[in-house]
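Residue numbers start from 1 in every chain, and the chains themselves are labelled A, B, ... in the order their sequence lines are given, proteins ahead of strands. Because the structure is predicted, anything quoted here is derived from the model rather than measured.
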Amino acid sequence: MLLYLSALDSPKEKSTFEKIYYEYRGMLYGIAMSLLHNELDAEDAVHQTFLYAAENMKKFSSGVCPKTARYLVITVRCRATDILRQKSQCLHLDDAENLPAMGQDYPGLSPLARCIAQLPEKYRDALILRLHYGFEFREIAKLMGISEANARKLVTRARSMLEEICEKEGVL
Amino acid sequence: MMDEAKLKAAAGELEAALIKELPDGKEYDREFSDSFHRKMKKVIFRANHPIVGSGWRRAVAAVLAITLLGGSALIVRWKINSGAAQLEDPKVEIIRIEEVEKPKKSMTTEGLPVTEESAYTKNTVALVGRVLNPRTIAVTYQYDDREYTEYIPLFDLEIETVLYDHSSNLPDKKVITIGSCYEYYTVDQFQQIVEQDKVYLVYCYVLTDSASSDENTNLIEQDKLLEYFDCYAGMPNMLIVEKESDQYLATEFFAPYFPGVEPTQDKKKLYPIPVEELETVIKNTAEKYAP
């Protein structure tokens, strides 16, 4: 520990990672706290999120930008949900995965985009990572802290849930 | 079946809306805990030095043990020549070192993989002896206007046998002091590995060798160190083995040398191996790696 700390002692320009860290740590903490309601657990989720980022810096090479922020937000939510699940015996996997998406009302969006917004958060995020950011399943798995098989399942289920929503809403 | 192009466009549209909704981090700005700061500094270092390998980490372990046991007000200058990192002149001041009765848990990180080469590398020795006086020291140091305390386990070993010696500086003493790098193990975990008056086989590094090794570290101001510490066990979970009358309870590191031996059914899954057989294997393997 001592030496790791020492390594950071020299005055130099902040690295891309440090810029990301200082920019987003507060926001990530806030999101983690809103899910966990426990300061230490929230810090743990934030730490795990940045650990993922440190190990996958290629994904964060664009530095401080909306894309980076979204990757981190999705990651911290997943890590927080994992912590919640570990701590609470009564919160089952399906409950955790089906946490409702926040802010589902998007009046300016196309009908299809609004249908995607109705998906539970984890499904919605997995689908966006896959469709919009072009993540491979293994990359989704890493970011979300799940197995590759589960990442595939998540996206597949997201698609079928979306079809149901679209049908119900009369979209497509 | 949905139109994939339309779906992608819709996902992008929603993503743009979600980005607009992202909260402003400043409203959550807070004072994070010391523990968080310390963990994050490690993460930042890892992010900034992505090619860091196990050799570097072992060097850190070596320097760490030496640094922390070097005495009060010790300023350490060190350098790692692995190519992954060039770190010099940290300003870390150790304020005090004291024995403690009930240590708090130290932090844990993942252990290093143990290979034959790493176990028998130069500067290592394998000793068999009785453990005396297992204890913990608390090291308090100052960094960046903050005071930190870390806990390090130590024990004395009354040497019965030296199985091999790849060091030229093993102290000529009947009882030596061995510690472990807290970076890899909690104090609690280490204390479960060694118990008072039991006999163990211990692989460890000789401190003076590690301290002067150009390959890994370049330390100065080490003259006080030997007052505290002779050797350190870098991988205690694999390379400290209990001796129980005529057999060793070997860890899985030794299992490949004895393919017919089944592990115990308890949680520890140790391999009972006759003393003479394990010692012969160790001596023969050590010859392969003799400096």
Side-chain angles (χ1 to χ4, degrees), chain A residues 1-10 15-18 20-21 23-31 33 39-40 43-44 46-47 50-51 53-55 57 60 66-67 69-70 73 102-103 106 108-117 124-125 127-128 130-133 159 162-163 166 172, chain B residues 2-4 6-30 32-33 35-36 38-50 60 63-64 67-68 76 78 85 87-92 94 106-107 139 141 143-144 148 150 182-183:
Chain A
M1 186 64 227
L2 194 51
L3 297 180
Y4 286 106
L5 291 175
S6 308
L8 299 167
D9 201 27
S10 59
S15 66
T16 303
F17 181 85
E18 285 167 283
I20 292 170
Y21 167 62
E23 178 69 23
Y24 296 123
R25 64 180 182 176
M27 175 184 78
L28 297 178
Y29 175 81
I31 292 167
M33 261 307 270
E39 292 185 358
L40 288 179
E43 285 188 349
D44 196 20
V46 175
H47 169 246
F50 282 115
L51 195 57
E55 288 167 353
M57 272 308 287
F60 296 89
K67 184 172 79 173
R70 278 286 291 149
V73 166
M102 290 186 293
Y106 301 100
L109 293 184
S110 67
L112 182 54
R114 291 174 75 171
C115 289
I116 299 174
R124 180 200 69 190
D125 289 342
L127 200 60
I128 287 174
R130 178 77 178 151
L131 293 173
H132 180 64
Y133 291 113
R159 282 177 184 272
L162 181 62
E163 280 186 23
C166 287
L172 296 182
Chain B
M2 291 188 179
D3 183 314
E4 198 66 10
K6 279 186 186 169
L7 204 51
K8 279 185 184 177
E13 205 183 328
L14 174 61
E15 179 63 3
L18 290 170
I19 284 170
K20 276 186 196 163
E21 276 199 345
L22 283 175
D24 179 2
K26 287 182 182 63
E27 68 188 79
Y28 298 107
D29 231 358
R30 70 185 294 270
F32 287 91
S33 68
S35 153
F36 177 80
R38 286 151 62 189
K39 283 193 289 187
M40 277 313 304
K41 283 185 175 177
K42 285 180 72 171
V43 175
I44 291 169
F45 184 73
R46 185 185 289 194
N48 293 347
H49 300 86
V60 169
V63 180
L64 187 67
T67 304
L68 290 175
V76 180
W78 58 284
L87 311 169
E88 291 181 280
D89 293 326
K91 291 183 177 56
V92 177
I94 294 176
S106 187
M107 64 189 303
V139 179
Y141 61 94
Y143 170 76
D144 196 19
Y148 299 96
E150 307 285 0
Y182 68 91
E183 271 299 308

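For B/Lys8, the side chain to side chain contact (heavy atoms under 4.5 Å, CB included) partners two or more places apart in sequence, or in a different chain, are A/Leu131, B/Glu4. Taking A/Ser110 as the reference, B/Glu13 meet the side-chain hydrogen bond (donor to acceptor under 3.5 Å, both in side chains) condition, with sequence neighbours excluded.
Ranking B/Ile19, B/Leu7, B/Leu14 against chain A, the residue ahead of the rest is B/Leu14, based on heavy-atom pairs under 4.5 Å. Counting heavy-atom pairs closer than 4.5 Å to chain B, the top residue among A/Met57, A/Arg130, A/Arg70, A/His132 is A/Arg70. Taking chain B as the reference chain and counting heavy-atom pairs below 4.5 Å, the highest number among A/Arg159, A/His47, A/Met33, A/Glu39 is found for A/His47.
Of all heavy-atom pairs between A/Glu43 and B/Ser33, the closest is OE1-OG, 2.6 Å. Annotation for B/Ala11 and A/Ile128: closest pair O-CG1, 4.2 Å, computed over non-hydrogen atoms. When all heavy atoms are compared, the tightest approach of A/Ala113 to B/Ala10 is CB-O, 3.5 Å. Minimum heavy-atom separation, B/Val43 to A/Phe50: CG1-O, 3.5 Å.
Separation of atoms CZ (A/Phe17) and CE (B/Met40) is listed at 4.5 Å; rounding is to 0.5 Å. Here the CD1 atom belonging to A/Ile31 is positioned 7.0 Å from the CG atom belonging to B/Leu22, to the nearest 0.5 angstrom.
In this structure, chain B has no heavy atom under 4.5 Å from any part of A/Phe60.
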